[in-house]
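Whatever order the structure lists them in is the order used to number ligands and atoms, beginning at 1.
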Amino acid sequence: MNILKLKDEITALKEKHNAIILAHNYQLDEVQEIADYTGDSFGLSKLAASTTADVIVFCGVKFMAESAYILSPEKTVLQPDLKAGCPLAESINPEELQAKKEEYPEAAVVCYVNSSAEIKALSDICCTSSNAAGIVNSLEENQVLFVPDKNLADYVAGNTEKEIIPWDGCCATHNAVTAADVHELRNLYPDGIVTVHPECRPEVIALADHVGSTAEMIRFAKETDSEKIIIGTEMGTLYKLKKDNPDKKFYLLSRELVCSDMKLNNLEKIKAALETMQHQVTVPENIRKAAFRSLDRMLQVKTNKTSYCQL
Ligand code: 13P
């Protein structure tokens, strides 16, 4: 179908249903182009909690749409492709977390937002890649069970005095980047600057010039004087980086930096979602209420981060 016609139809459907489209920075270019807002997990959670739209079309993966519903159950939250999941979020189940909690009864439980509603419901507070260390440092407890990303847990451990007990999960996409990749790209572009996501391995983070969430990497790229920027996160982020900085050059650290789940949404599926009001993402009310506590507590922690942008 003609892409301009498709975009016009989506715009008309959005108006008809008082809908907004939120797109994570990893979405396909065409999805980011049509979105009302793009951002990182933190920024999009804040938007989902505050929007006055009746319908949120969440272009990301399941835990993101679920978080939007947890924060705004009175809204209709649509996920264009229900198959878009997050293997990291699926690396821990409620029984496993319950057993770990019993092993460490004194520990506060901090869950990365890349987790299921059930895991959020069993946690004391959520965090995202942009606020993880701040959230951990805001807690009274000195021992923290940090699930499910071991690389992010390691990064947090380097930015807190508290004892961090990690879960053994990781994002396969970020974990695929190696220290050798950083050395290779630095050799190719010696005047380049390296920014990586905190889901990368500790040895990759140790070699980087900057570490941040996708939104923080986008901000960093704008602010740095360097004209060559080496990127250690999913390739979808290049859309905004190139759009904001037409005169700068961007180089991905690895060809592995592609999340196939994030690429499942497209314009046809967004249109179908708005036409049929499918696929609605919901969470059983008892789990939603408990998960809301963890997400809302995170949002109450004072931070000056916004992490999203209106297109
Ligand atoms: P951000 O918090 O940077 O959006 O990252 C989310 C994510 O899923 C990274 O893989």
Among side-chain atoms of T178 and D181, is any donor-acceptor pair under 3.5 angstrom?
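Yes - a donor-acceptor pair under 3.5 Å links their side chains.
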Name all pairs fulfilling the salt bridge (Lys or Arg N to Asp or Glu O under 4.0 Å) condition that reach into residues 266-275, sequence neighbours left out, sorted by first residue then second.
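Salt bridge (Lys or Arg N to Asp or Glu O under 4.0 Å) check on residues 266-275 returns E9-K271, D81-K269, K271-E275.
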Look at the rings of Y26 and H174 and say which category their plane angle falls in: under 30° parallel, 30 to 60° tilted, over 60° perpendicular.
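Rings of Y26 and H174: tilted, 30 to 60°.
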Using a threshold of 4.0 angstrom between heavy atoms of the protein and any atom of ligand 1, which residues qualify?
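Answer by chain and number: H24, Y26, D40, S41, N114, S129, H174, H197, E199, S213, T214.
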Note: E106-K101 ion pair, threshold 4.0 Å (strictly below):
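No, this pair does not count.
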Of C126, S294, S91, C111, which is the lone residue that meets side-chain contact (heavy atoms from CB on, under 4.5 Å) with I119?
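So the option named by the test is C111.
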Is a donor on one side and an acceptor on the other found under 3.5 Å between the side chain of S50 and the backbone of K46?
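Yes; at least one donor-acceptor contact below 3.5 Å.
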